[in-house]
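Read through the structure below, which is laid out as structure tokens, and then see the notes.
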Amino acid sequence: MFSSSLREFVSRHRRKFIVGGIIVSTIVFIRYTARRLREWQEKEIKDMLDKSKRRQYFDCNERTCSQMIMSLIATLRDSIIKVVDTEAVVNKLRSGCPDKIACWNELKVLAITRSAVVVYSHAMLATLIRIQFNIMGGHVYKDIQNSNGTATENVIQTNYMSISRHFIYEEIKKLTSLIKSKVAEITASISLKDELTLKDIEEIYWALTSSISADSSKDPVKNLAEYMLLPNYEEEKTPVLLKLFSETLDLLESEEVQNLTQSNIRSGFSLLVDHISAFFVVSPIIENGKSIENGISVPGTSNRTSINTKYDSSAFININKVSMPMAKIIPIINGQVPDKATSKDFQSDLLQRLITNDELKTLGANIYEAFSF
Ligand SMILES: *[C@@H]1O[C@H](CO)[C@@H](O)[C@H](O)[C@H]1NC(C)=O
Ligand SMILES: *[C@@H]1O[C@H](CO)[C@@H](O)[C@H](O)[C@H]1NC(C)=O
Ligand SMILES: *[C@@H]1O[C@H](CO)[C@@H](O)[C@H](O)[C@H]1NC(C)=O
């Protein structure tokens with residue numbers, strides 16, 4: 001009885017009920033959203049504060065990282081100069097070498113090896129330090145947030161950061177011997193009298209990287225972790241340190257890091273050839289036995305004046321036509337990594353580029369982001 005009248009009542013007032021229902025739920029919804037909104041705002045503000053703190057900490061970490069790269073690469077450079085000693089051969093040549101040709105050939109291999117070791121090792125070390133600093137930075141930030149900053153103590157940080165010494169003093173010898181054997185193979189047929197263009201020099205370096213890449217079991221890029229980490233890092237007894245090592249290992253073995261290292265090696269060689277090219281423009285060209293004025297020969301544009309060609313883009317293309325005997329090129333290549341660094345030499349330029357390299361910075365920022373939560 002009651003229920004049927006209720007049903008009638010409901011059906012008569014259905015519209016009203018529906019509207020009422022909407023009103024009720026809208027009020028609930030507004031109340032709910034206001035609360036959520038406030039919560040969301042609070043969270044957002046907290047996040048913003050966290051983010052700016054995290055950002056501040058990151059920027060500080062970045063500056064320290066760049067300084068660390070500079071100082072460790074200076075150490076690496078000294079180590080390379082000792083391991084690939086060209087000065088001894090140069091001195092032998094100066095003081096009279098019994099077999100002059102053999103001495104020159106030795107210098108040929110050593111000079112090219114030294115420049116290539118610089119390109120490889122600098123790209124590798126700069127990558128390792130970026131990775132280490134950002135793993136470390138992320139962990140330290142997280143520790144500070146959890147306000148029990150004991151997990152990554154200073155002693156652990158120092159032990160972790162010092163693994164690069166192993167590369168600088170030990171693995172550099174392995175890298176050098178690999179590169180030296182490849183250089184000897186590639187340049188065996190180039191005699192001191194052979195005339196080489198800049199393009200020929202570029203091809204020597206290109207052949208070198210191809211030959212190293214093809215040697216998968218020894219390629220330092222494919223075996224980054226083997227070159228950069230301690231050989232027995234798995235035996236590390238401190239759990240925190242072991243964790244840092246295995247996180248570093250994962251990154252060094254990732255395709256992304258290896259591709260980036262390979263790409264930095266490629267740009268390193270371009271920069272090297274660029275520095276060598278400075279010695280090619282000033283020398284006069286000998287073409288068909290006659291020297292050409294200003295060192296610029298522009299075939300097929302004989303109606304242009306030499307003043308025009310001097311500033312013409314065709315003058316640039318022409319660098320590739322300049323050739324020099326190998327005996328003259330060897331001291332130029334050897335001069336790219338002088339025993340005493342200068343601010344304008346190739347190696348200093350390469351270091352600057354690695355420090356400011358955007359892709360490496362992005363990699364670092366992503367690692368920091370991933371480890372600071
Ligand atoms: C740090 O503190 C957090 C929260 O108090 C805790 O969960 C974590 O286990 C602590 N970590 C260490 C290494 O003590
Ligand atoms: C790395 O380089 C290889 C070959 O160039 C490419 O096939 C691959 O997709 C690259 N991987 C990443 C993660 O960039
Ligand atoms: C002279 O130079 C112009 C461009 O400056 C070129 O178009 C033209 O073909 C040249 N003439 C000859 C005869 O080489």
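The model shown is predicted, which means the values in this text are computed figures rather than measured ones. Note that ligands are numbered from 1 as they come in the structure, with each ligand's atoms numbered from 1 the same way.
In the model, Asp78 has no side-chain atom that pairs as donor or acceptor with a side-chain atom of Thr75 under 3.5 Å. No hydrogens or angles considered: nothing links the side chains of Tyr120 and Thr209 as a donor-acceptor pair under 3.5 Å.
Using modelled atom types, one side-chain atom of Ser79 and one backbone atom of Ile168 make a donor-acceptor pair closer than 3.5 Å.
Remark: Glu247 engages His139 in a side chain to side chain donor-acceptor pair (under 3.5 Å) (not counting sequence neighbours).
Applying the disulfide (SG to SG under 2.5 Å) test to residues at least two apart or on different chains, the pairs with a partner in residues 73-110 are Cys97-Cys103.
Residues lining ligand 2 at a heavy-atom distance below 4.0 Å are given as Glu255, Asn259, ordered by chain and residue number.
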Could you list the donor-acceptor pairs under 3.5 angstrom formed by side chains in residues 199-207, with sequence neighbours left out?
| residue | atom | partner | partner atom | Å |
| --- | --- | --- | --- | --- |
| Asp200 | OD2 | Thr197 | N | 2.8 |
| Asp200 | OD2 | Thr197 | OG1 | 3.2 |
| Tyr205 | OH | Ser115 | OG | 2.8 |

